[in-house]
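Here the structure is laid out as structure tokens; the discussion comes afterwards.
Throughout, a chain's letter reflects where its sequence line sits, starting with A, and its residues are numbered from 1.
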Number of protein chains: 2
Amino acid sequence: MRRVSLIEATCPIARALDEIGDWWTLLIVRDAFGGKTRFGEFQKSLGLAKNILTERLKTLVANGVLEKRPASDGGARSEYHLTEKGRQLRVILFALRQWGEDHLFEDGEEMMVARDRGNLPIARLRLMNSVGDTLAPEDIVTAKGRKRKQTAHASTRTTLA
Amino acid sequence: MRRVSLIEATCPIARALDEIGDWWTLLIVRDAFGGKTRFGEFQKSLGLAKNILTERLKTLVANGVLEKRPASDGGARSEYHLTEKGRQLRVILFALRQWGEDHLFEDGEEMMVARDRGNLPIARLRLMNSVGDTLAPEDIVTAKGRKRKQTAHASTRTTLA
DNA sequence: CCGTATCCATTCCGATACTG
DNA sequence: CAGTATCGGAATGGATACGG
């Protein structure tokens, strides 16, 4: 897809962008969260060329973000469903949404909004340290380290411990 | 930059991707958070072609993510600094980091990690509703709405309500 | 309906040379 | 050091035609 691959970078941001930093990819994932599962639904919703969609879907399946299954009605069609890895992209999508809302819309402008199933608003994402202090953007630094062994599923933990 | 512009989309995710969804852009911003300010620093760190960097920096400045200033030492050089809008991209970068850490590294693999200035780990980002319930990825729905007037600065608020 | 295949225009990106 | 200019190969993306 690109001249230089960052798959070997030690920066998780670089690796993440290498896998889902493509322009269309996160929009496909967004639609998958919206309940779309079929080729034609994505194609109609996004308006992208079918060959591009084919390739993006293949990559997403190969990377374990989407799962391809035969259609539930037994037809010849396929369905694409988010895997757990894909479902965890929700935080990234919401971070993008929050920033877009804050900086790319005028007050009162028509805009898609997110709510939970009970129609409650979603709380803003905040950066905090492990003792709960809210951090300003510049309060974060990076250093060399190693990935810690995961003892419990990531989505059930609230801190890095 | 692209055939179809999503600048008019009513989805904040689409607009955000339209502005910073480019491949190199978030890596430049990441380096800016790392304290880099000069053309050569970005170029050396990222290894991208200079003409591409020139264009990306121009776009970032035009979009108000970076600010171009004369070098503080009075030389002919310029410095690029994050604006407040740019600083608020930190949440997106951290969401990418968190997902990359979880899914793109093996246990024990060498990896850049984030800490706060006191060397405390950063807490995981969680999706919650306005009353503090943690939400699963599928507990979020979208609907038509309008951008609410901002009464206080976004970074000081903890919920949308 | 779900893709695959092909063609073509545009853009991206790297490399290099050049200017101040 | 900080760009600008230019070139060419590769990838992107739109459109269309075709096959299961």
Practice task
Establish, with yes or no, whether the OP1 or OP2 oxygen of D:dA2 is under 4.0 angstrom from a side-chain nitrogen or oxygen of B:Arg38.
Solution key: yes
Handout entry: base_contact_polar (C:dG3 base, A:Asn51 side chain, donor-acceptor, <3.5 Å)
Key = no
Problem - A:Glu41 CD - C:dG3 C1' separation (whole Å) - result: 15 Å
Practice task
Write down the distance between NZ (B:Lys50) and C1' (C:dA15), rounded to a whole number of angstrom.
Solution key: 11 Å
Problem - Check: B:Ile140 and B:Leu135 side chains under 4.5 Å, non-hydrogen atoms - result: yes
Problem - Options C:dG3, C:dC13, D:dG3, nucleotide nearest the side-chain atoms of A:Tyr80 - result: C:dG3
Exercise for the section: Looking at every strand, decide which applies to B:Lys68 at a 4.0 Å heavy-atom threshold: base, sugar-phosphate, or nothing. Expected result: sugar-phosphate
Completion exercise
Heavy-atom nearest pair, B:Lys68 first then B:Ser78, reads CE-OG, 3.4 Å
Practice task
Provide, to the nearest angstrom, the distance between the CG atom belonging to A:Leu53 and the C1' atom belonging to D:dG13.
Solution key: 12 Å
Practice task
Quickly work out the A:Leu46 CG to D:dG13 P distance and round it to whole Å.
Solution key: 12 Å
Problem - Residue B:Arg77, side-chain atoms from C-beta onward, closest of D:dC1, D:dT4, C:dG3 - result: D:dC1
Practice task
Give the rounded distance in Å between these two atoms: CG of B:Asp22 and C1' of C:dC13.
Solution key: 11 Å
Problem - Atom of B:Gln98, atom of B:Arg124 and distance for their closest heavy-atom approach - result: OE1-CA, 3.2 Å
Practice task
Let me know which of B:Arg90, B:Arg115, B:Arg117 forms a salt bridge (Lys or Arg N to Asp or Glu O under 4.0 Å) with A:Asp139.
Solution key: B:Arg117
Practice task
Please determine, for the side chain of A:Ala49, which listed nucleotide (C:dC2, C:dG14, D:dG14) has the closest atom?
Solution key: D:dG14
Handout entry: B:Glu55 with B:Lys58: basic N within carboxylate O range, under 4.0 Å
Key = no
Exercise for the section: For B:Phe42, answer base if it contacts any base atom (sugar-phosphate contacts may also be present), sugar-phosphate if it contacts only those atoms, and nothing otherwise; contact means non-hydrogen atoms under 4.0 Å. Expected result: nothing
Practice task
Verify the contact: side-chain N or O of A:Thr54 to OP1 or OP2 of C:dT4, cut-off strictly under 4.0 Å; return yes or no.
Solution key: yes
Handout entry: Minimum-distance nucleotide (side-chain atoms of B:Lys58 versus D:dG13, D:dT4, C:dT4)
Key = D:dT4
Exercise for the section: Select base, sugar-phosphate, or nothing to describe what B:Leu48 touches, counting heavy atoms under 4.0 Å on all strands. Expected result: sugar-phosphate
Exercise for the section: Please report, rounded to the nearest Å, how far the C1' atom of D:dT4 is from the CG atom of B:Leu57. Expected result: 14 Å
Exercise for the section: Ignoring the backbone of A:Trp24, work out which of C:dG3, D:dG14, C:dA17 is nearest its side chain. Expected result: D:dG14
Practice task
Round to a whole Å and report the spacing from CD1 of A:Ile52 to P of C:dC12.
Solution key: 14 Å
Problem - Length of the line joining B:Glu55:CD and D:dA2:C1', which is rounded to integer Å - result: 17 Å
